[in-house]
Amino acid sequence: MALINENYLKLQGSYLFAEIAKRVASFKNENPNANIIRLGIGDVTKPLAPAIIEELHNAVDEMASAETFRGYGPEQGYKFLIQKIIDMDYNPLGVSLEDDEVFISDGSKSDVGNFQEIFQTANTVAITDPVYPVYLDTNVMAGRTGYYKADGHFDNVVYMECNAENQFKPDLPKEKVDLIYLCVPNNPTGTALTRTDLKKWVDYAKENQAIILYDAAYEAYIQEEDIPHSIYEIEGAKDVAVEFRSFSKSAGFTGTRCAFTVVPKSVMAFTQDGKTYPLNALWNRRQTTKFNGVPYIIQRGAAAVYSPEGQKQIRDIIAYYMANAKIITEGLQSIGLQVFGGVNAPYIWLKTPNGMDSWSFFDKLLSETHIVGTPGAGFGPSGEGYFRLTAFGNRESTEEAIVRIKTKLII
Ligand code: MLT
């Protein structure tokens, strides 16, 4: 008799963005002529930059000839990409890394979801509330949590509430935790943490022999000086933190798939009898067993991000999305809505008007303006009463969305 992993049965409903897609499809079915503007899932709309496309073409051509054809590549990624990441993303920050401390992957969602596998289920996990659902759901699947409770939380998880009162910055847990998920700049609230904020977390992790799983997928959107681009800018972080980065939002690879995870060899966790063990070796073992690497062609495309033209082109695209963020922020503020985020992140986090619950606001926005956003409650109970809009739309539809909100939304 094949038994299932019953932890899956503890999960609530469907994955957030699958639920939104289902609701939008049903609305579209009933309103086939509605011109829907999608500012829900954080998917990019700009095509890949020309420098990336050119390099993808070159790499495709190499696959057509026996001399340059590539089969299996290194599971950890090609050195030509890893070295560029180290030289251009980390060395300028004063962070040195060895090439076997960077693992190329097909996405931060999969890496951040898979990484928990190398920890014992008895570990206590701390997440923010609201939170990117992958951190929580993958720990539920692994059996690291208890059951879902009436208050919208799972047992045996430490939730760090983020709200307007604490400027959406999590406070240190009062209890001892082992694994801490931080997303900076934050999805969904758009909040970023300063050096001083982050130092507290690194110190906490050191004191408590905890590990920080630091999701920096939106790092390229940081605009302000005092926001670190990597957790390794903070002294001591190389002993306690794993960093996840992605080309999805920085260079439009949401469909092309390429990301990387940094696991310094100095990050140690413990065996039951107290011996230290490097996470780098465990992650390498996991990846070489379960993953065959990102396609060569895609890694060549990602490497082109670091060429002078690639850098300029992706910076222009990021500036374009951040101009959308400004349009959304100012448009919402002009009708009296309270707005957060949108400064160091492509997400705008707004307080729903008149204390409306966030799924009701989702339905109202969709039916009155034909705009899709993401209800804050989908990210956790503390997201209730909030709503997320993304700046990843094209300029026309972003402007049109604001016109519709100003003229059609009844508040
Ligand atoms: C989001 O909308 O939160 C993101 O697109 C999800 C993701 O990157 O997986």
Side-chain angles (χ1 to χ4, degrees), residues 11 13-24 36-46 105-116 127-139 141 162 168 181-192 213-221 243-261 294 302 317-318 321-322 324-325 328 340-342 344-350 358-359 362 365-366 371-380 382-383 386-394 397-398 401:
L11 294 165
S14 46
Y15 182 61
L16 173 61
F17 295 103
E19 173 63 26
I20 291 173
K22 199 171 85 191
R23 289 191 187 214
V24 174
I36 293 177
I37 298 180
R38 292 170 197 271
L39 302 180
I41 191 162
D43 196 4
V44 295
T45 51
K46 283 268 188 204
S105 77
D106 67 345
S108 283
K109 178 176 171 174
S110 25
D111 275 6
V112 85
N114 291 329
F115 209 87
Q116 50 74 31
I127 57 167
T128 59
D129 173 18
V131 73
Y132 177 47
V134 174
Y135 314 150
L136 176 62
D137 287 2
T138 53
N139 278 289
M141 290 168 174
C162 295
F168 301 99
Y181 287 84
L182 291 179
C183 177
V184 187
N186 190 258
N187 176 16
T189 67
T191 314
L213 300 167
Y214 191 77
D215 183 352
Y218 299 93
E219 167 277 330
Y221 289 83
E243 180 163 295
F244 303 89
R245 290 247 201 135
S246 171
F247 294 100
S248 283
K249 316 295 161 99
S250 65
F253 277 62
T254 52
T256 317
R257 310 306 306 154
C258 197
F260 59 92
T261 292
V294 174
I317 294 173
I318 289 165
Y321 290 137
M322 288 312 282
N324 285 349
I328 297 172
F340 306 91
N344 293 299
Y347 292 124
I348 291 90
W349 185 245
L350 61 119
S358 58
W359 277 107
F362 173 89
L365 193 69
L366 185 57
I371 296 169
V372 181
T374 308
F379 298 101
S382 297
Y386 291 93
F387 199 78
R388 195 192 77 176
L389 291 174
T390 135
F392 287 126
N394 65 41
S397 58
T398 302

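Whatever order the structure lists ligands and atoms in, that order sets their numbers, starting from 1.
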All ring-ring contact (aromatic ring centres under 6.0 Å, His included) counterparts of Tyr135, not counting sequence neighbours: Tyr132, Tyr181
Holding to ring-ring contact (aromatic ring centres under 6.0 Å, His included), I want the full list of residues that pass it with Phe392, two or more places apart in sequence or in another chain. Tyr221, Tyr321
Could you tell me whether the side chains of Thr254 and Asp43 share a donor-acceptor contact shorter than 3.5 Å?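 There is such a pair (donor and acceptor under 3.5 Å, judged by atom type) between the side chains of Thr254 and Asp43.
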For the residue pair Tyr386 and Phe168, does the interplanar ring angle fall in the parallel (under 30°), tilted (30 to 60°) or perpendicular (over 60°) class?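 Aromatic pair Tyr386/Phe168 classed perpendicular.
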Parallel, tilted or perpendicular: ring planes of Phe253 versus Phe247, cut at 30 and 60 degrees: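 Tilted.
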side-chain contact (heavy atoms from CB on, under 4.5 Å) involving Ala217 - partner list, sequence neighbours excluded: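 Ala217 satisfies side-chain contact (heavy atoms from CB on, under 4.5 Å) with Asp215, Ser246 only.
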Near ligand 1, which residues have a heavy atom under 4.0 Å away from one of its atoms?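 Under the 4.0 Å cut-off, ligand 1 touches Phe17, Ile41, Gly42, Lys109, Tyr132, Asn187, Tyr218, Lys249, Tyr347, Arg388.
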